[in-house]
Structures are given as C-alpha cells and as structure tokens.
Trainee: 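Following this message is one structure expressed as structure tokens.
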Amino acid sequence: MSNSEPITEKPLDFIRQIVTEDLKTGKHPTPVTRFPPEPNGFLHIGHAKSICLNFGIASEFNGRCYLRFDDTNPSKEETAYVQAIKEDVKWLGFDWGDNLFYSSDYFDQLYDFALDLIRRKKAFVCDLSADEMREYRGTLTEPGKESPHRNRTVEENLELFQGMKNGDFSEGSHVLRAKIDMASPNLNMRDPIIYRIMNLHHHRTGDKWCIYPMYDYTHCLSDAIEEITHSLCTLEFEDHRPLYDWVLDTLETPVHPQQIEFARLNLTYTVMSKRKLMQLVQDGHVSDWDDPRMLTVSGLRRRGYTPASIRDFCKEIGIGKKESWIDMGVLENCVRNDLNITAPRVMGVLDPLKVVITNYPEGTVEDIEAKNHPQNPEMGSRTLPFSREIYIERTDFMENAPKKFFRLDIGREVRLRYAYFITCVSVVKDEDSGEVIELHCTYDPETYGGNAPDGRKVKGTIHWLSAEQAERCEIRMYDRLFKVENPDADKDVNFKEHLNPDSLTSLNNCLVEPSLADAKPGTCVQFERQGYFCIDSRDSKPGALVFNRTVGLRDSWAKRKK
Ligand code: ATP
Ligand code: MG
C-alpha cells in the first residue's frame, strides 16, 4: 500500500535479552521499570528513546512501568514541567496507570535511611566549605584526603544531621556525606555528599524540608522502594553504579534493582540537553519549548510528527552499549513514512500565480471530484471548486523553458490534477518589474478527469486552486535549527554560534483548498507535490490558518549534503 519500508524485526537488544533471561530463571516474576524525568524542562527526543524502552519492556513482557518525577532539586523544578511531561508521555502512547510517583514522596523514608547510615557508621556530617571539599577530593590521578570530620561519633552525627533538618544551620555550612573511600579511583566513591541544606520551597512538600537528598542517593533508594527490577539509564551513569550498589548493599535493602546502562540518543543538527534547550527558549532563539524547530516532544508534536512515527524511530535506532550518532534524516524518514499512509492529500499553493482560463464560462463554478488518497480508496474523496480563474504554483511556469521542463510555458499543455488539460497562450507582465503576474490559458473541455479522448499525452500534472474559493493562509517552512551536525563538538565555541539564521521562513500569501477552512489544529495533510503540513496548534485560527511544514516529500537534505 505505501512506499514505506517495513520496519524489519530485529533481534532482541541486550536489555531485553537480560529481561528474558531473568524471567526464565525466575529471578523476577515480571519486570518493573520506571521512567524517571527530572521536572526541570520539557522532554526531548532523547527522553522518547528512554520512554519507549521502559514502557516498551513493561508492555512486551507483561510488566509495569512507573512514571517517577525525580524532584529532589527545588531550585530548578516546576509544576508546569510536571504537567507537560505527563502530557508528552501520554501523547507518545504510554500509560502509567496508577503508578505515578515522585521522589519527594520518599523524603521521610530517605531521611530515615540516612539516620540508619549514620548509625551504621557509614555517613557523617561534614563542615568543610565547597572549596575545601574540592581540594580534599583529589584528582583522577591522586587520591583524596579524608575530611577532618570523618570520625565524628554516631551521636554527634545524629545530633548535627537533625540540626540540619531543623534549620539550625545556614546553607553550605554542613552536608551529610557517605563514608566510603577517599582513595577510590572512582571519584563518585570519595565520600559523596548525600544531603545538602537548601532553604527553598518545594513544589510538593512545601516548606517542610530545608535539607534535600542528592540524586545518586535518592535514585537507587527510590528504585528499591518501588521494587523496580531493571533500572535502565544512560551510559554516563556507569561510573555511578558502584555508588548505587553501595547504598543499597550498605543499607541491606530487601530489594536491590539492577542498574543497566545503554547508549543515549545523539541526533545530528540539534542539542539535546534540557539546560541548552532552556537557553534557546530564554534567549528568544525559538518561540518556546514547543517551537516546531525544537526536538522536544511538544515541538515535534506541533510540527506534525505523529506518536507512531516517534515510536517507529525509537524502534529503528534500537538499544546498544556504544555511543553513536543518528542522522536527522532517519527521524524525518519515519514521519514521512507514517504520514504517507495516514495523511489525506489536499491542494496547497505556496507561491500563487494567477491563471485565467479564457475559454471557460464566466460565473460558473464546477465541482471536481478529488481522491483523498490515491492509493487508499477507503479514505474517500472530496469535491474541489473549479472556475475560470485559478491559482497555480509560480514555479510551475517558466518563460522560454528548456525542453525537459514539463510544466507551463507559452504554447505548452499540462494536466491540472483531477481537472482538465490547459495550454498557456500568453502572459501578463508587471510593467515596471517585468515579472509575470498572470497567465492566460485555454482548457480542453474533453479532458475532464485527466485524459484526452484523442489519446494525446501531457507529461506534467500540476496542482491548482480556484481563485475565489481558495483559503488564504500562512505557511511556516523550517530548516535545521543548527548549521552544523554537532553544535557541541567544539568546546571553545558556544553552541548558539551555530544556530541557522534561516531556520524559519514564513510564507504569508499561501492558499489552500476550502475543505481545510474548518480543519482542527493539529490536522496533518499532504499538499500534493509539496510535502506534509500540519495546522499549527497555537497560532492558527479559523479564517487565518497557519500551517507548519512537517517534512518534504523526499529527503532533499541527503542531496544537499553531497
Ligand atoms: P538532560 O541533560 O537533557 O536534562 P537528563 O538525563 O538530565 O537529560 P532526566 O530528566 O534526568 O534528564 O532524564 C530522564 C531519563 O531520560 C533518564 O533515565 C535519562 O537517562 C533519559 N535520557 C535523557 N536523555 C537521553 C538521551 N539523549 N537518550 C536516551 N535517554 C535519555
Ligand atoms: Mg538529569
């Protein structure tokens, strides 16, 4: 039915192999995974990879996947992000059911675990300043130095830690540290901080706490509390795994999830970190987190990407252990393949040129039957008004055109899609500029439907719209947000230096067929011969439609690169 290539069934990735094995040996009756975003920004396409992996495993192996907000840093987190993240996960097609959790749900338990660590002589309150602590930490080649407070008694530590909790100390004056090994070759194991004082309001716990647990300490314990079986994260956490295991082993938690790392998604022509995406928003380089040029889930949605196309993409790129780069073209292909099957075909003219059909009766409007999808009759058809004055695409006319130009020039004949053959007879030019502003053509009434009874052939078929009924609209054309494949490659050049100044072009004089006048925001269509377009969900209004170009019909980028 479609031109899209079927997504070939791949062998199980290494994580699914581990899960399969664990179910076979009875290590776990069912897998329990989690997607643990920090609510400090919107989700991006990299998060989609993690969502598809975690929720995908749960659904394929009859398990559960939890949505857990990792909300331990109130200085950067907001409720608005929580809402946006939930919406994005749902939109991608995944359901956490009742399993919506927050790390902050566990603050009491985490505090108790910290007391337990102190009693086990495995944690201590340290008064070193941040600078001193850095000095004591050592380097990759030199061991660190033990803190002078490392050997405080259990009683002293309990009292000081409770003091921290009660707000007796100022920010930065005290921290709670795990007591592990200052000589460890792994810097994460050199008595890492597990609690710090922050006099900040938390979006869920309010002003109850002025101490907040660190990520490494919180994450493993949240996993254990939720009885996660496989804790899947990206490769940069490989060096944190010894700490993950140390916390759970030291506290002898009844459940010890297995952390497994996989390679993160790196995509060309974009940046992926929330911190950088935030800068693009805050500095006004894009309109917002959901700007259609952003590789956020909300930006892709607004651009016209479908949930299925993003899931297909994640399946296509797979899960591995080695860092790699995925070409943006792969993502674009996925949406093109999906929309090729699902998007109705319509007529849209980006740069209109008026055509007067001089032998067509004045005042007559004819209904032309047009298929909604040439390969899928089930999608039905609609009627298009046809009349004496129409618009065609300016690029479909060329004066003194070369032989191979199969569109219009004086004396040449083309087929108007679903309607008649027309022949260009003369042109009208602007007196000052010399620009062609109107074509005069004749039509052959015998060619309705696109065939001549005398068997004569035309090579070109072009799209068109009846002048009076066409709906005026704005179309936003997008190019890559960055000019280079990896905007982060050179550490001495700020990634924003690589922004593409021409990433957005607004065309304000476009026309679409009247059937779209009442179409809902988010509607995706194919403009025949032009590409896939989606009605903008923010700026489009009845009577003032705005379209975003999702993607072209072919991978023109691949050609441009050569
Ligand atoms: P960012 O740097 O973009 O903020 P993050 O890892 O800090 O990313 P989190 O909200 O902590 O963002 O991430 C939630 C989950 O998504 C984590 O398990 C993380 O490993 C995963 N994740 C983040 N970025 C990617 C990526 N590019 N590819 C695959 N998974 C990712
Ligand atoms: Mg993070």
Side-chain angles (χ1 to χ4, degrees), residues 13-15 32-58 65-73 75-78 80-86 88-89 92 94 96 101-104 214-220 222-223 226 228 230-241 244 257-282 289 294-300 310-311 313-326 328 330-331 486-488 495:
D13 59 65
F14 79 99
I15 296 181
V32 184
T33 56
R34 83 288 168 271
F35 173 64
E38 186 180 352
N40 61 348
F42 281 53
L43 297 182
H44 52 62
I45 183 77
H47 294 117
K49 175 175 179 172
S50 174
I51 292 169
C52 288
L53 175 65
N54 281 292
F55 281 94
I57 285 178
C65 180
Y66 302 164
L67 176 61
R68 182 204 310 148
F69 286 100
D70 180 28
D71 55 351
T72 52
N73 185 353
S75 70
K76 294 189 296 178
E77 294 155 9
E78 279 181 33
Y81 297 134
V82 169
Q83 260 336 94
I85 290 171
K86 285 202 235 169
D88 286 350
V89 174
L92 281 172
F94 298 105
W96 54 85
F101 303 116
Y102 296 83
S103 297
S104 56
M214 299 297 285
Y215 172 84
D216 279 327
Y217 173 74
T218 309
H219 197 77
C220 54
S222 304
D223 281 349
E226 290 171 8
I228 300 298
H230 303 84
S231 177
L232 313 177
C233 61
T234 37
L235 282 178
E236 62 273 25
F237 290 100
E238 202 166 9
D239 284 350
H240 297 244
R241 179 157 29 99
Y244 185 105
Q258 182 186 2
Q259 174 177 312
I260 307 171
E261 307 88 16
F262 63 95
R264 65 191 292 111
L265 168 64
N266 296 304
L267 196 60
T268 56
Y269 297 98
T270 189
V271 290
M272 202 77 91
S273 107
K274 276 182 274 181
R275 193 173 56 78
K276 290 186 175 145
L277 296 173
M278 172 96 74
Q279 282 182 50
L280 295 177
V281 175
Q282 285 174 344
W289 284 96
M294 292 273 269
L295 272 288
T296 50
V297 173
S298 51
L300 290 165
I310 297 176
R311 292 194 305 264
F313 170 71
C314 293
K315 210 175 206 176
E316 177 77 28
I317 59 174
I319 297 292
K321 264 260 174 216
K322 256 205 355 249
E323 284 294 347
S324 68
W325 281 81
I326 304 291
M328 183 78 97
V330 177
L331 178 62
N486 180 3
D488 277 328
F495 74 100

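Whatever order the structure lists ligands and atoms in, that order sets their numbers, starting from 1. For clarity, every value in this text was computed on a predicted model and none was experimentally measured. The chain is numbered in sequence order, starting from 1. Just so you know, these numbers use all the heavy atoms, side chains as well, and skip hydrogens, waters and symmetry mates.
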Trainee: Check whether any N or O atom of Glu38, backbone or side chain, sits under 3.5 Å from an N or O atom of ligand 1, and answer yes or no.
Mentor: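 For ligand 1, there is an N or O atom that lies under 3.5 Å from one belonging to Glu38.
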
Trainee: With sequence neighbours excluded, tell me which residues meet ring pair (Phe, Tyr, Trp, His ring centres under 6.0 Å) with Phe495.
Mentor: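 So Phe495 forms no ring pair (Phe, Tyr, Trp, His ring centres under 6.0 Å) with any residue.
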
Trainee: Within ligand 1, which atoms have a heavy atom of Pro36 less than 4.0 Å away?
Mentor: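 Result: 14 (C), 18 (O).
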
Trainee: In this structure, does ligand 1 have an atom that sits under 4.0 Å from one of the heavy atoms of His44?
Mentor: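 For ligand 1, residue contact (heavy atoms, under 4.0 Å) with His44 is present.
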
Trainee: For ligand 1, find out whether one of its N or O atoms is nearer than 3.5 Å to an N or O atom of Arg34.
Mentor: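 Min N/O separation from ligand 1 is not below 3.5 Å for Arg34.
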
Trainee: Strictly by salt bridge (Lys or Arg N to Asp or Glu O under 4.0 Å), give each pair with a member in residues 47-58 just once, sequence neighbours left out.
Mentor: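 As it turns out, there is no salt bridge (Lys or Arg N to Asp or Glu O under 4.0 Å) pair with a partner in residues 47-58 once direct neighbours are skipped.
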
Trainee: Pick whichever of Lys76, Lys276, Lys274, Met278 has a heavy atom sitting closest to atom 1 (P) of ligand 1.
Mentor: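 Shortest heavy-atom distance from atom 1 (P) of ligand 1: Lys274.
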
Trainee: Under 4.0 Å from a heavy atom of Phe35: which atoms of ligand 1 are those, numbered in the order shown and with their elements?
Mentor: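 Checking each atom against Phe35, I get 14 (C), 15 (C), 16 (O).
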
Trainee: Hey, is ligand 1 close enough to Gly46 that some N/O pair sits below 3.5 Å?
Mentor: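 Yes - when backbone and side-chain N and O of Gly46 are compared with those of ligand 1, one distance drops under 3.5 Å.
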
Trainee: What distance do Lys321 atom NZ and Asp13 atom CG have between them, rounded to the nearest 0.5 Å?
Mentor: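 Going from NZ on Lys321 over to CG on Asp13, the span is 11.5 Å.
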
Trainee: May I ask you to check whether Phe35 and Phe69 place their ring centres under 6.0 Å from each other?
Mentor: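 No, ring centres 6.0 Å or more apart.
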
Trainee: Please check if the side chain of His44 supplies one atom and the backbone of Leu295 the other of a donor-acceptor pair under 3.5 Å.
Mentor: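 Side chain of His44 to backbone of Leu295: no pair is present.
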
Trainee: Heavy atoms, side chains only, cut-off 4.5 Å: are Ser298 and Asp88 in contact?
Mentor: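 Yes, side chains in contact.
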
Trainee: Test your reading of the structure: does Phe262 have an N or O sitting under 3.5 Å from an N or O of ligand 1?
Mentor: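 N/O-N/O distance below 3.5 Å does not exist for this pair.
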
Trainee: Counting each atom of ligand 1 from 1 as listed, which ones have a heavy atom of Met272 under 4.0 Å away?
Mentor: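 Ligand 1 atoms under the 4.0 Å threshold to Met272: 3 (O), 27 (N).
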
Trainee: Grab the two heavy atoms, one from Glu261 and one from Phe14, that are nearest each other, plus how far apart they are.
Mentor: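 What the structure gives for the nearest pair is O-CZ, 3.2 Å.
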
Trainee: Considering the heavy atoms of Thr234, write down every atom of ligand 1 situated less than 4.0 Å from one of them.
Mentor: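 Atoms satisfying the 4.0 Å criterion: 20 (O), 29 (C), 30 (N), 31 (C).
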
Trainee: Are any of the N or O atoms of Glu236 closer than 3.5 Å to those of ligand 1?
Mentor: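 Between Glu236 and ligand 1, no N or O pair is found under 3.5 Å apart.
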
Trainee: Rounded to the nearest 0.5 Å, how far apart are CD1 of Ile228 and NE2 of His219?
Mentor: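 These two atoms lie 8.5 Å from each other.
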
Trainee: Is there a polar contact, in the sense of an N or O pair closer than 3.5 Å, between His47 and ligand 1?
Mentor: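 It does: an N or O of His47 is found under 3.5 Å from an N or O of ligand 1.
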
Trainee: List every atom of ligand 1 that sits less than 4.0 Å from any heavy atom of Arg264, numbering the atoms from 1 in the order shown and giving each element.
Mentor: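 It comes down to these atoms of ligand 1: 24 (N), 26 (C), 27 (N), 28 (N), 29 (C).
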
Trainee: Could you grab the distance from atom CD of Gln258 to atom CD1 of Ile15, nearest 0.5 Å is fine?
Mentor: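 That separation rounds to 9.5 Å.
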
Trainee: Relative to the heavy atoms of Ser273, which atoms of ligand 1 are at a distance of less than 4.0 Å?
Mentor: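 Matching atoms, with element in brackets: 2 (O), 3 (O).
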
